[in-house]
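One structure below.
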Amino acid sequence: QEGGAQLVEYTENDELIALLAAVERAKVADEAEMVELIQRYNLAREHIPTPLLGSTAIWGALLDAGMPMTAMIRNLGKMTAIGLLSDLSDAANAVARQLTDPKRLRAARVHPFQVLLALKTYEAGHGDKGKLTWQPVQEAVEAL
């Protein structure tokens, strides 16, 4: 079965090479291509070039791809500021569902104090650092 083991190794290597190629391509991708890369390779926010971080399509793709809970909580203000989260939007509903899912919160090991800090920051409509401001969305406030 030595040949079978090699086949698995090659398959894993091919997937790794494809992921690395996607990360490299992300550096120069336009918005549409970046959304495709996020969907196909589950790229994270850290793979996105700064000029594309103002795009609702990019943040929507990140959210749809299963953004980690702590990253989602940390970026609620940004997603609101760019208009992805708005009252009664699909994205706001998705965020509220995730924030109120006890299994997901436990799995992500989110401490209740982190949630309280996120609530207070989000309600304030601005962070402690930077210039970003937003109008809090009620669904997200209630979910926190």
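Computed over heavy atoms, backbone and side chain alike; hydrogens, waters and symmetry mates excluded. Nothing fancy with the numbering, it's 1 onward along the sequence.
- For the atom pair CG of N75 and CG of L63, the computed distance is 10.5 Å after rounding to the nearest 0.5 Å.
- No donor-acceptor distance shorter than 3.5 angstrom exists from the side chain of S89 to the backbone of L85, with no hydrogens or angles considered.
- No side-chain heavy atom of L62 sits under 4.5 Å from any side-chain heavy atom of M72.
- The closest side-chain heavy-atom distance from Q39 to M34 is not below 4.5 Å.
- The CD1 atom of I58 sits 14.0 Å away from atom CE of M79, with the distance rounded to the nearest 0.5 Å.
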Please set out all donor-acceptor pairs under 3.5 angstrom arising from side-chain atoms of residues 42-50, sequence neighbours excluded.
unit_1	atom_1	unit_2	atom_2	d
H47	ND1	A44	N	2.9

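- Considering only heavy atoms from C-beta on, Y122 comes within 4.5 Å of T80 through its side chain.
- A pairwise comparison of heavy atoms in T56 and I82 identifies CG2-O, 3.3 Å as the closest pair.
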Chi angles and distances behind the side chain to side chain contact (heavy atoms under 4.5 Å, CB included) call for R74, T70: CA-CA 6 Å; R74 216 175 30 252; T70 53; 4.1 Å; yes
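- Here F113 is tied into one hydrophobic group with L116, L117, each link being a pair of ILVMFWY side chains closer than 4.5 Å.
- Between the side chain of W59 and the backbone N or O of L53, at least one donor-acceptor pair lies under 3.5 Å.
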Test side chain to side chain contact (heavy atoms under 4.5 Å, CB included) applied to T121 and H126, step by step: CA-CA 7 Å; T121 301; H126 60 86; over 6 Å; no
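- In this structure, I38 and A65 approach most closely via the heavy-atom pair CG2-CB, 4.0 Å.
- A donor-acceptor distance shorter than 3.5 angstrom exists from the side chain of T100 to the backbone of R97, with no hydrogens or angles considered.
- Between A81 and L132 the shortest heavy-atom distance is CB-CD1, 3.5 Å.
- For the salt bridge (Lys or Arg N to Asp or Glu O under 4.0 Å) condition, the pairs that include at least one residue of residues 110-123, sequence neighbours left out, are K120-E123.
- Within the structure, the salt bridge (Lys or Arg N to Asp or Glu O under 4.0 Å) test picks out the following pairs touching residues 28-39 (sequence neighbours left out): R25-E33.
- A61 and V35 get closest at one heavy-atom pair: CB-CG1, 4.0 Å.
- Residues in residues 77-92 take part in no salt bridge (Lys or Arg N to Asp or Glu O under 4.0 Å) pair, two or more places apart or across chains.
- In terms of heavy atoms, Y41 sits closest to A22 at CD1-CB, 3.4 Å.
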Would you give me the side-chain donor-acceptor pairs under 3.5 Å for residues 137-144, sequence neighbours excluded?
unit_1	atom_1	unit_2	atom_2	d
Q138	NE2	E142	OE2	3.3
E139	OE1	L88	N	2.6

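- Residues A92 and S86 approach most closely at CB-O, 3.4 Å, considering heavy atoms.
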